[in-house]
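Numbers restart at 1 for each chain; the letters A, B, ... are given by sequence-line order, proteins then strands. Because the structure is predicted, anything quoted here is derived from the model rather than measured.
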There are 2 protein chains.
Amino acid sequence: MSAQSPDTQSPRPRIRDAEATKSRILEAAKKEFAKNGLEGARVDAIALEANANKRMIYHYFESKERLFQTVLENAYFDIRESEKKLDLDSLDPREALERLVRFTWNYYIQNPEFISLVNSENLAQARHLKSSETVKIVSRRFVGLVDTILKRGVAQGLFRKGVDPVQLNITIAAVSYYYFTNQYTGSIIFERELMSEAAQAERIRFNIETILRIVSL
Amino acid sequence: MSAQSPDTQSPRPRIRDAEATKSRILEAAKKEFAKNGLEGARVDAIALEANANKRMIYHYFESKERLFQTVLENAYFDIRESEKKLDLDSLDPREALERLVRFTWNYYIQNPEFISLVNSENLAQARHLKSSETVKIVSRRFVGLVDTILKRGVAQGLFRKGVDPVQLNITIAAVSYYYFTNQYTGSIIFERELMSEAAQAERIRFNIETILRIVSL
DNA sequence: CGCCTTTCGCACCATATGGTTACTTTGGTA
DNA sequence: TACCAAAGTAACCATATGGTGCGAAAGGCG
């Protein structure tokens, strides 16, 4: 990089961009909260990582707690947005379920912060989510997704009747979520490298089979 | 309460009981770590709850980190001890699986700290468990449990062949564990009281059915 | 009984942490 | 172009926190 000016100590002109700064803070906060939990996360570390001044965090987000809340709400919003793009209604019900199971897995892989954030929120007894209307709204659509698939499967004589869509939903999340969130203790207890490519492929297969067996006649 | 003596400020004679003190500290630590996580837990709070002096914690356990490690190892030891008492080998394979699923559920209900401790340890990337030989040993027996049931089921023509006992083990834990650890966010997202007696009974039923469907022919 | 190891308690420390005060700089606009 | 609200910075603060130094008392043992 060449010298921009012959200044003795060019105090690089501060760029004013509120949106960019906010977004850098949010990204850094997501990382830090995910890595160290709500209590373990350090506001100074977030400021540093975001390349922002700590004061800005309090300026835009009021407190560490509220920053966490914003990060969490965004995380829920993002996963539900991704689900919207799945277009499951055009698929055979069995394939739709399989795609949903695969999607869940891949989302956790690509967004490892999500699980950790949710864990932190549960440790906090969901006190940040209680007041969040957005999360409730986006979640409703999500539950409807599986319900529709189930109904279509039953109508086509592919699935058995009486499967509770909420229980199925929970189970679809559970079989992937548990695997990831307990990957460290799991690898020790089962004396098996759970995160290798081979192990992952095997687990996805098993999960798809599990979910299809739940709904099968 | 009557005055025990006419002393001006009877400094109640200190009772010396190392084992009792250690055990009170461990119990208090389990509670505090489970409630607030490894980072959120406060050593002062543990001392207070244990009715012990903070100095004793460092005397017996060296550091907060090592105290956590001890609590965690004990927790794993306890759950494996309980499983030993299940006597699954005398049961019909299907009933053995059902009993194991029920046991897992009940254990989490009766020992809510367990899940939270394991979550904390995974946030810490299992760094406290890595050096623990005891955990590895007691875990081995645990995996063998399901393997035996599966083999017996296959031999009796009740279960299909080729089910990986580790995958099944993980799934048995997953369907209960996820439900509990995400009970707070879950109740919001699914807009349903997940911890009512009725909801719990329904979930146990669903879990048993899920596990039996995985192994069925 | 007197000794001495172990258990226990108080006061204290260095540091880290969430949060704030007070100030400077930027850049859109009247 | 001068103004001023908003964006940004640095130094600072009160407090909480994990961890210790050191002395006192308990009680088993010779």
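- Between A:Ser63 and C:dG18, a side-chain N or O to OP1/OP2 separation shorter than 4.0 Å is absent.
- When rounded to the nearest whole Å, the span between CD1 of A:Ile57 and P of D:dA10 equals 14 Å.
- With hydrogens and angles ignored, no donor-acceptor pair closer than 3.5 Å exists between the side chain of B:Arg55 and the base of C:dT7.
- In this structure, B:Glu83 does not pair ionically with B:Arg141, as no charged nitrogen and carboxylate oxygen lie closer than 4.0 Å.
- At whole-Å resolution of the value, CG in B:Asp17 and P in D:dG28 are 10 Å apart.
- We find that CG of A:Asn53 is positioned 13 Å from C1' of C:dT21, with the value rounded to whole Å.
- Between A:His59 and the phosphate of D:dG8, there is no side-chain N or O to OP1/OP2 separation shorter than 4.0 Å.
- In this structure, A:Glu19 atom CD and C:dT26 atom P are separated by 21 Å, rounded to whole Å.
- Note: CG (A:Asn51) to C1' (D:dT9) measures 13 Å, nearest angstrom.
- The residue B:Ala45 sits apart from the nucleic acid: no heavy atom pair falls under 4.0 Å.
- Between the C1' atom of D:dG18 and the CD atom of B:Glu65 lies a distance of 11 Å, rounded to the nearest Å.
- Side-chain nitrogen and oxygen atoms of A:Arg42 include at least one within less than 4.0 Å of the OP1 or OP2 phosphate oxygen of C:dG18.
- Checked by distance alone, A:Lys54 brings a side-chain donor or acceptor within 3.5 Å of a matching partner on the base of C:dG19.
- When distances are taken from the side chain of A:Lys64 to each of D:dA10, C:dC8, C:dG19, the shortest belongs to C:dG19.
- Residue contacts for B:Phe61: at a heavy-atom cut-off of 4.0 Å it reaches no nucleic acid atom on any strand shown.
- Closest approach of B:Asn122 and A:Tyr184 over heavy atoms only: OD1-N, 3.2 Å.
- The phosphate of C:dT21 has neither OP1 nor OP2 within less than 4.0 Å of any side-chain N or O from A:Tyr58.
- B:Lys64 places a side-chain N or O within 3.5 Å of a backbone atom of B:Ala41 that can act as its donor or acceptor partner.
- Using a distance-only test at 3.5 Å, with no hydrogens or angles considered, a donor-acceptor pair links the side chain of B:Tyr179 to the main chain of B:Leu194.
- Of all nucleotides listed (D:dG8, D:dT9, D:dA7), D:dA7 comes nearest to the side chain of A:Arg16.
- With rounding to whole Å, B:Met56 atom CE is found 12 Å from D:dA25 atom C1'.
- Between the C1' atom of D:dA7 and the CD1 atom of A:Ile25 lies a distance of 11 Å, rounded to the nearest Å.
- Taking the six-membered ring where the residue is Trp, the centroids of A:Tyr178 and B:Tyr178 are separated by 6.0 Å or more.
- Within 4.0 Å of A:Ala47, counting heavy atoms only, lies no atom of the nucleic acid at all.
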